[in-house]
Amino acid sequence: MQKIINSHCHIYPEKIASKAVCGIKDFYDLDMSLNGTVSGLIEDGKKVGVTHYLVHSVATTPKQVKSINEFIGESVKANSDIFTGFGTLHPDSEDIQGDFDHLIELGLKGVKLHPDFQQFAMNGERAFKMGEIINEGNVPLMVHCGDFRYSYSNPEHIKPFLEKFPDITFIGAHFAGWSIWNEATEQLAGIPNLYVDLSSSLYDLTSENALELIHAYGADKVLWGTDYPMWESKSEMEYFNKLDLTKKERSQILYENAAKILGLK
């Protein structure tokens, strides 16, 4: 039986989940049917046999960092057999090092950033300051990449960060360039420390185009994910299964690559 890791999952406390989901709907102008809760994530994943989840959330203000990381830490502790968590940082925090140390103490295994939500450029000093701390801490970094409406996380900004921190295992979400997938691939494919995930991408790409992008990065550098609560696992797996991949490539993308990054046995 194929093990499956959903490598891109946002989760929220139940009391604010509906508000958070509405905010995402408005930001991306997309219809969403899932509720953003932990129980909703697990229920959705069971429909396709997900065996492990990489969970995280993003702080849009510095004051949110501590509470978000504690929520992710608590959620991982309550579901330690199936959850790995990444914490959040904010570039305007007065104590980024302290925030990082805290998320590590909580048992979180990496960092998730969203430059478009957090409004900082990936090639600027604010990003580099966080990069230095993440690099020193030797944990993986997932970054939302790409948006035709903004430039914060577009490939020309991502590339200098990758070059400055070649030892950071960097996961570029959404083929490292949401809505500008091909442009991002042209500029970023082949950079050694870059992995990409498939989340929030397959819905808008032909099977042929998606396969080209996977092979450009290499199947050993690609992770499967749904961007929960944005997309349902069932529909995302249906898209994925249409791709003309070998059995080995499927196993790499669905499980092996993420398991290696997350240190799963």
Fill in: Whether H8 and H56 hold their rings parallel, tilted or perpendicular, with breakpoints at 30° and 60°
perpendicular
Fill in: Nearest atoms (heavy-atom pairs only) where G87 meets L108
CA-CD1, 3.6 Å
Fill in: Path from Y255 to Y217 over hydrophobic side-chain contacts below 4.5 Å
no
Worksheet item: Does any donor atom in the side chain of Q97 or D101 lie under 3.5 Å from an acceptor atom in the other side chain?
Response: yes
Practice prompt. Please say whether more than 12 non-hydrogen atoms of neighbouring residues, nucleotides or ligands are located less than 6.0 Å from NZ in K234.
Written response: no
Worksheet item: Side chains of E43 and S39: donor-acceptor distance under 3.5 Å anywhere?
Response: no
Item to complete: Report yes or no: do T37 and E14 form a side-chain donor-acceptor pair below 3.5 Å?
Response: no
Discussion item. In this structure, would Y195 and V222 fall into the same cluster of hydrophobic residues linked by side-chain contacts under 4.5 Å?
Written reply: no
Worksheet item: For residues N69 and D99, is any side-chain donor paired with an opposing acceptor at under 3.5 Å?
Response: no
Worksheet item: Between N35 and Y228, does any side-chain donor sit less than 3.5 Å from a side-chain acceptor?
Response: yes
Discussion item. Checking S7 against D197: is there a side-chain donor and acceptor pair closer than 3.5 Å?
Written reply: no
Item to complete: Give the cluster check for V65 versus I96: same hydrophobic cluster or not, with ILVMFWY residues linked at side-chain heavy-atom distances below 4.5 Å.
Response: no
Fill in: In one Ile/Leu/Val/Met/Phe/Trp/Tyr side-chain cluster, 4.5 Å: I191, F165
yes
Worksheet item: Nearest 0.5 Å, what's the CZ-OG distance between F161 and S153?
Response: 12.5 Å
